[in-house]
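Letters A, B, ... are given to chains in the order of the sequence lines, protein chains preceding strands, and every chain is numbered from 1. Values reported hereafter were calculated over all heavy atoms of this structure, with side chains retained and with hydrogens, waters and symmetry mates removed.
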Amino acid sequence: MGSNLLTLTFLIPLAGSLLVLLVPKESAGRACRWVNLLTSLATFGATLAVWSGWSKHTGGGYALVEDAAWIKAFSIRYHLGVDGVSVALLLLTSFVSLGGSLASWNIEKSPKGYHSMFLLLLGGMIGVFMALDMFLFYLFWEIMLLPMYFLIGIWGGPRRQYAAIKFFLYTLAGSVLMLAAIVLIWIKHGTFQIPEIVALVKAHGGLFGEGAEGLRIACFIAFFVAFAIKVPSFPFHTWLPDAHVEAPTPISMILAGVLLKMGGYGLIRMAYPFFPTAAATLGTTIVVISLISIVYAAFVAMAQTDFKKLVAYSSVSHMGFVTLGLASLTPEGHNGAMYMMLAHGTISPMLFMIVGVIYERAHHRDLDRFGGLAWAMPTYGVLAAFGIFASLGLPALSGFIAEITVFLGSFQSFPRLTLVATVGMVVTAAYYLITLQKVYLGDTPAVYRDKAHYPDVSRRELLVLVPLAIVTLWMGILPDGAMSIYRGDLEGILEGVKAIAGKP
Amino acid sequence: MTALGALLPSILLTAGVLAVLFADAAAKGRRPLLLPWISGTALVAVAAVAVAWLAGDRLGDRVVLGALRMDAFTAVLTLFCAVAGLVSILATLVGDGNSRPGGEFHALVLCAVVGMSVLAAAVDMVTLYLAFELVSITGYVLVGMRRADRLANEAAMKYVLFGAVSSGLMVYGLSLLFGLAGGTSLEALRAAVVSGASSQPVFVAAVVLVFAGFAFKVSAAPFHFWAPDVYQGAPTAVAGFLSVASKAAGFAGLVRVVLALGAQPATAKEPIASFLPWGSPVAAVLAVAAVLTMTVGNLAACRQKDLKRLLAYSSIAHAGYMLMALAVWTPNAMSALVFYLVTYLFMNLAAFLFAGIVVRATGSSSIDSLHGLGFRNPWLAAAFTLVMLSLTGIPPMLGFLGKLVLFESVLREGWVWFAVIGLLNGAISLYYYALPLRRMYLEGVAEGAPPVRLAPGAAVLAAVLVLPVVAFFLWWSPLADWARTVVPSLRIGS
Amino acid sequence: MLTLALVVVLAPFGGFLLQSAFGRRLPRQGDWLTIATIGASFAASCALLAKVLGGETLDPAVVAGARFDWLRFGDVVWRVGVKVDGLTAVMLFVVTLVAFLVHVFSSAYMKGDPKYWKFFAWLQMFSTSMLVLVLADNLLVLFIGWELVGLCSYKLIGFWSEKAAPGNAARKAFITTRIGDLGMVAALMLVYAQTKSFAFEDMFRAATTGSLDSQTCTWASLGLLFAAMGKSAQFPLHVWLPDAMEGPTPVSALIHAATMVAAGVYLVGRCYPLFTDASLLVVAAVGGVTAVMAGLIALAQDDIKKVLAYSTVSQLGFMFLGLGCKAWHAALFHLTTHAFFKALMFLGSGSVIHACHHEQDMRRMGGLWRKMPITGTTFFVGVLAIAGFPFVTAGFYSKDAILAGAWHMHPALAWVGLGAAVLTAFYMFRLFAMTFLGKPKDEHVFEHAHESPLPMTLPLVVLGVLSVVAGWDLVGWHTKLLEPTAAAVTSAGSVHGHEHSEVVMTLAIVAGLFGLVAGFVLFAKTSPARVAALKRPFAALERAFARKFGFDELYRELVLRPAYTLAKILSWADAEGVDGAVNGIGRTARSASRGSGWADAKVVDGAVRGTGAAVLAGGGGLSRLQSGRFRTYVAAGVVVVATVLVVLSF
Amino acid sequence: MTGFLEHIGLMHFLTVGAVLFCAGIVTVLARRNAVGVLIGLELVLNAANLNLVAFDRFGPAPLRGSVFAIFVLAVAAAEAAIALAIVLNVFDSRDEIDVDEVSALKG
């Protein structure tokens, strides 16, 4: 189609990342911030252009496709394209990164390195959502790891090295399994292109021919593990609390807002469509894993004393809904899972920013040492309450829509198991309200009263928090707006999977 | 391809050796600057000859003088060893240890390259053994070069004793094979194996003993013990040379022998997901050795505190990956092995070069000496990071492509579990490759730490080595296609 | 019709937005603005009432614009709309009236509070969410209103959350109702799985035509009941209501008398077709038990607001009893009348507390009638109404209808009802006597007391009149409003409208009078000393009642403590466990290789705790082999070669 | 028993070779002195030579085995020289060449 808008979209951040390095040393601090902000803005603009380009694209399949041979020996192609699902996630990525770049305004420690890594990360993330060649997808997936390692490792908290290497190792081990599966598919079918493979699956009712159900399940598990680490689901989640607690606030925002969604996106785009029969057979196991993630993580969150760790565990709990929704193979389930990704993608950055605001002032995150902040910093109190109730799943906010749709969807396939998940709602309400009361209500210790050290939210912080709040509210009251972007394509994918998986 | 043509590289190198020795003698004690130039030109000439062989198709895959098989494989490896020798000499100039070594150093390096190119071409047991020993002996002396250094002496002693014992085992194995084959040429051996010689029990013993020799050379488990001590004791540039050139020559010899011993390729019986590929005893031994080497290399490396020992274990681990290709032993796997060797050349030499520079700058080879390098010399640190990540196999660096080609060939044979073990080993290796990263970046920089200066020569050499590690990714397909041309010349599977 | 309904909802919502945005800066902190908006909403609901009385109803399917597509999934469309029928009209009228009166009352009661404007903002939001709940035409929007009402009650109960007690009470309320809401979610899922729609008419059509099998209906209805029990503080989930009295009194009046707690009854009433006989029995049982239990507990309370709170729980038990006995019309009728006189009494108690300088303990009041005549008289009317003083008060008619229904269903249930009625009359009169009659017990409180200003007494008078008039079917509102919805809602004509069985009526009159007289005799006439003597034999019982049958302690032991310990264990397990499992293997392997003296703390710290530790342990074992001694190297090599030889030769 | 010694065949040479080989390996492992190890090594190499010459004598190939043996001898000599030189170096710097003592490099 000739338009290379997609290449432009992911090149802007990469170019920005290089540009930041060229900024003269002495004025490094201020200049990098502006370059970062402008590049993030440009990227946001580009994603909007992609959105409009996509909406004008009629006919099925992917829009704004760019396809050129790249490595002939392995029939790898430079193949980019977007459909509803990718557009929604691209918008989320650039929106959250815009907030992130604003939040990283006063990073003092070698700002040039920070902002260039930040933009490299942004470029990697955007690339992942638009790659249609599995090799290219894997490439972007890995490119994104390196800056994340440095961002957590250099600018993080006290135990940052441990958290950084743990993050890198977990994701790399997962992605190595995925690589094996990708290469196996290439060997058996000679192509890396996602659309072609999906067509193959549709034609032959499954990859690897007749007798290879064992291999299909093995490959599905390889894909699932790689993405479950990213989601993160229960057994593979232990890296998230460490990574979040040690990462600086803006990086936590992006880690929670976008990186976790790549797991979900991978499941939607590759794991389920490639191995529908395996997904059906493993359905119950995946649902059990999701249930454990939801309820287990909620209980663990209740016992946390570090505010950020609590929000991290609540992320694990909320992302459990994504795998639950996908495993149900129902329209409501899939739409709900995707909606939870968008909802959680806006609410969790807001929560992490809220934790960041108080951490910047109090330099500690111990829940028991806070108290009555709502009276000391009124606007901050209101925003924090809004964020907490949004994450709680209060109606008229996006969290509720996502949870209800996932429940309705998964109830149709796994009635009894879904009832167990509803317990998670109560436990979530419990630990969030306990936190709200410990930190924001009750009497205000003297230390938090003096305005000099504890000013209310600054204009910059508001500029990050308010747009996120508005989106959460808009997605809560008029969900069809956000859902219409990805609904068509998502249900197309689901039909394909169900047709072969033989689900009723 | 006349006999003289075939021996051209050896002749050039020998001439180089003589020239170097004369120049050194004539200079009467003053180390003339001329020496590196002489050895350099000799090596470049050999490289040119090898490229000429590759470019034109004058090789003709004929056996010359009954002992040397002139084919693309030999040409590639001669080129490989010549480049490795050249880089090692240059690395010594900038690295730690005696930066302006005497004539013997250059002579020995040139002799080693002769041995390697002959070993790559050897299709006769005698030539094979002679070349093998030539490479080993020059190696022993190179390691023990600095007579005053206690550690170098100890390293050399261990190296010579361990090497001698292993080559003893090998030659005993070869003698048994000679008995079976009735002749010293590998062709005769192949004929004997095809006609059922492999069923006799003594054949298995012979094979294992021969592999012991080669296992020592490529530092595969269980004969890898010498590597960490020797690499730590030896000057870094020499360690680099050993880890790349002698290992490549070892693999070349191993390919020739496996060609003869494992007559029928070790295709797995049932097509998919077979775990133990007991195609033939040869494949079995290689497969077990590969997994053992990989795991030993990776596990032990995680606990290292010395940079050179870490690189030693990493080269052991990489030997394990290469052994995987040998164990699968299909034409595709052979070209994957050659491709992996090339990527391994650039990565490892760069890694040892940086190690040498750091040891020279900070005086100690422990990883802690890298503290805050990221802030003291950003470019060096960045290059070092890229090489480390390439060794782990992170895209878009060259190491990833090597691994991809390698595992693709393994998966193609359906050895899924074998490939998964290899891939997971690769992932674990991130832990110890990230150790230097941690010291350089994650711990911030102590105040007043002196910036690390980089000599201009070292910078150029580093750039030459690092550039391909990153840039090759863009012109990757020509390299992949070229690797595939090497295979037919090996006449495998005939 | 549609515009009126929209005005009813959007007026307070607009008020909320304006008040929360500009409230602080408006003159008198914007209380007039909020009173105006709730007034407009009240006027609109009166107009609606008139229209409905005139026979018009707003059926979303028919009226254009009354419904719009909210969400689509594949071929399923979620439609959201507004529905007005007899039941809605009544509820709208009650909610807006009480809300309006509470707004007026609070303008005086809350004067001087630092967050005065914030109080009115949340009152407005509360009214909006209650109206959304009532006007919803499908279960999902009802659930949304339901949860928003929960949020506003959290905010209002926890209005003075600088102090710990209100904060805890608010949290307790929200979480207990949230537990109840699980039932609602379960019901939603059950129904949606079959009908793929939430609209009431689709659900009821499926229920009646049998496409929803009776088993699902029973479970769904029990889920709805569970949610209603949470919101209306019925028996097992009632623990949060007494604590909710921490909130300001107008809040208790609005939320815990008329609106929020009534939402549970409204839910069961609205979704009546879903209820099968089995689930109706459960409703009746829960209602009956709660009525009696709450009555007993109210008997032993000394805080004026706690008594009223328990009396509300008891009266709601009554309504559930009515619903359970298929006396749908009676229950809803009682709901409306109860709203009036309970709101009256709460506001009355508010004016008393306000007068006695925020003193809530009845034992220190007494003889206030002389000092506060208007509050006193209106309060007395309320007491008579709730006790069901025959023929005059509305309470009599509605309670009698329920008892009739119960009698018709099963005499035992009627006797339970009568017992509760006696208790109600008895403790209400006890409350009245201790506060308004007899000698003042505390001089300081007494001479400080004074009649409340007009904005506080006016609502009392209005409610007083209503709690009398509401019973007389003045404008035939029973017949016009409740009957048609009753017929539409209940399936087989099991509901017998208004017929009186003489026996029940007499029994009800006797019960009511007996309670009042006993209360009068015991508390107004006899001296406190004799009363104490009389009570001594029941001391143990009284203590049990006072501690609410120990439910709070029960829950703390059964639910809260295990939850926290489980959380602690899981959190430890997560930090240690999932990492620790692998880490454990690492530790055991490492201790195995203790010989090499290798494991120094620094290396362990530096390592990646999980997989890393195991890897290191492996490395540790290997490093012992790398001992630097030449002979170990060769020995290892030779040993391996030997073993391979042996293995391969077999 | 006499039959065994009647006519000395290939097997006899091979058994002697094998015995020599095992003796060599044992010496390498047992000796703590570096020179002792080298002696053991010579035994191993000579065992190989014995095999080669034996096969040459009884095998069809014309004298190839002996040529191989001569080369092995030459290499063995070179190797021994280099080894002794290195051991000498170690002796200079440590005053002892006990194989187990020389273990500074480890871990």
Side-chain angles (χ1 to χ4, degrees), chain A residues 21 69-76 109-110 112-113 117 135-136 138-143 145-146 149-150 152-156 160-166 168-188 208-209 211-212 214-216 218-219 222 246, chain B residues 271-273 332 339 374-375 378 382 385-386 389 392-397 400-401 403-405 407-414 416-417 419-431 433-435 437-445 473-484:
Chain A
L21 291 179
W70 176 20
I71 299 170
K72 287 172 282 309
F74 281 83
S75 68
I76 293 169
K109 195 171 171 185
S110 63
K112 273 173 72 164
M117 283 295 150
F135 183 86
L136 195 59
Y138 184 80
L139 185 63
F140 278 120
W141 182 277
E142 297 281 331
I143 282 181
L145 281 183
L146 193 59
Y149 171 75
F150 283 115
I152 296 178
I154 296 174
W155 289 277
R160 55 185 182 278
Q161 287 123 21
Y162 164 60
I165 189 69
K166 189 169 183 177
F168 206 155
L169 257 176
Y170 262 77
T171 322
L172 186 67
S175 60
V176 145
L177 288 177
M178 180 166 69
L179 180 67
I182 289 177
V183 169
L184 252 179
I185 293 175
W186 178 74
I187 289 170
K188 289 287 179 286
F208 309 135
L215 193 61
R216 272 196 285 274
C219 281
E246 300 311 328
Chain B
I272 303 289
N332 200 307
F339 186 72
F375 306 97
T385 317
L386 283 178
L389 291 178
T392 328
I394 306 263
M397 267 61 87
F400 168 72
L401 303 179
K403 278 225 169 85
L404 180 70
V405 168
F407 284 114
E408 180 258 328
S409 64
V410 171
L411 279 169
R412 193 171 282 282
E413 279 314 300
V416 177
W417 290 104
V420 166
I421 294 171
L423 282 168
L424 283 180
N425 255 302
I428 293 175
S429 68
L430 169 75
Y431 174 70
Y433 285 128
L435 282 178
L437 262 60
R438 214 169 111 114
R439 289 289 179 279
M440 288 195 289
Y441 286 100
L442 268 53
E443 279 158 359
V445 59
F473 186 81
L474 303 178
W475 311 289
W476 185 64
S477 41
L479 189 62
D481 300 344
W482 166 75
R484 281 215 160 68

Scanning both residues in full, the closest heavy-atom pair of B:L423 with A:A180 reads CD1-CB, 3.3 Å
Rounded to the nearest 0.5 Å, the CG atom of B:L404 sits from the CG atom of A:L179 at a distance of 6.0 Å
d(B:E408 CD, A:L184 CG) to nearest 0.5 Å is 10.5 Å
Test side chain to side chain contact (heavy atoms under 4.5 Å, CB included) applied to A:L146 and B:L389, step by step: CA-CA 9 Å; A:L146 193 59; B:L389 291 178; 3.1 Å; yes
Cut-off 4.5 Å, heavy atoms of chain B, and the answer for A:S175 is neither
When the 4.5 angstrom heavy-atom criterion is applied to A:L177 and chain B, the contacting part is side chain
The reported gap from CZ in A:F150 to OG1 in B:T385 (rounded to nearest 0.5 angstrom) is 5.0 Å
Distance col, row B:R438:CZ vs A:Y162:OH, nearest 0.5 angstrom, shows 11.5 Å
So, the part of B:A434 with a heavy atom under 4.5 Å from chain A: the answer is both
Chain A shares the most heavy-atom pairs under 4.5 Å, among B:F375, B:F407, B:Y441, with B:Y441
Interface check, chain A: of B:L424, B:L411, B:L430, most non-hydrogen pairs under 4.5 Å belong to B:L430
Between A:L215 and B:V416, is there a side-chain heavy-atom distance shorter than 4.5 Å? yes
When rounded to the nearest 0.5 Å, the distance separating CZ of A:F168 from CG of B:L437 is 8.0 Å
Residues A:A173 and B:A427: closest non-hydrogen pair is CA-CB, 3.9 Å
Minimal heavy-atom distance between A:I187 and B:R412, with the atoms involved, is CD1-N, 3.3 Å
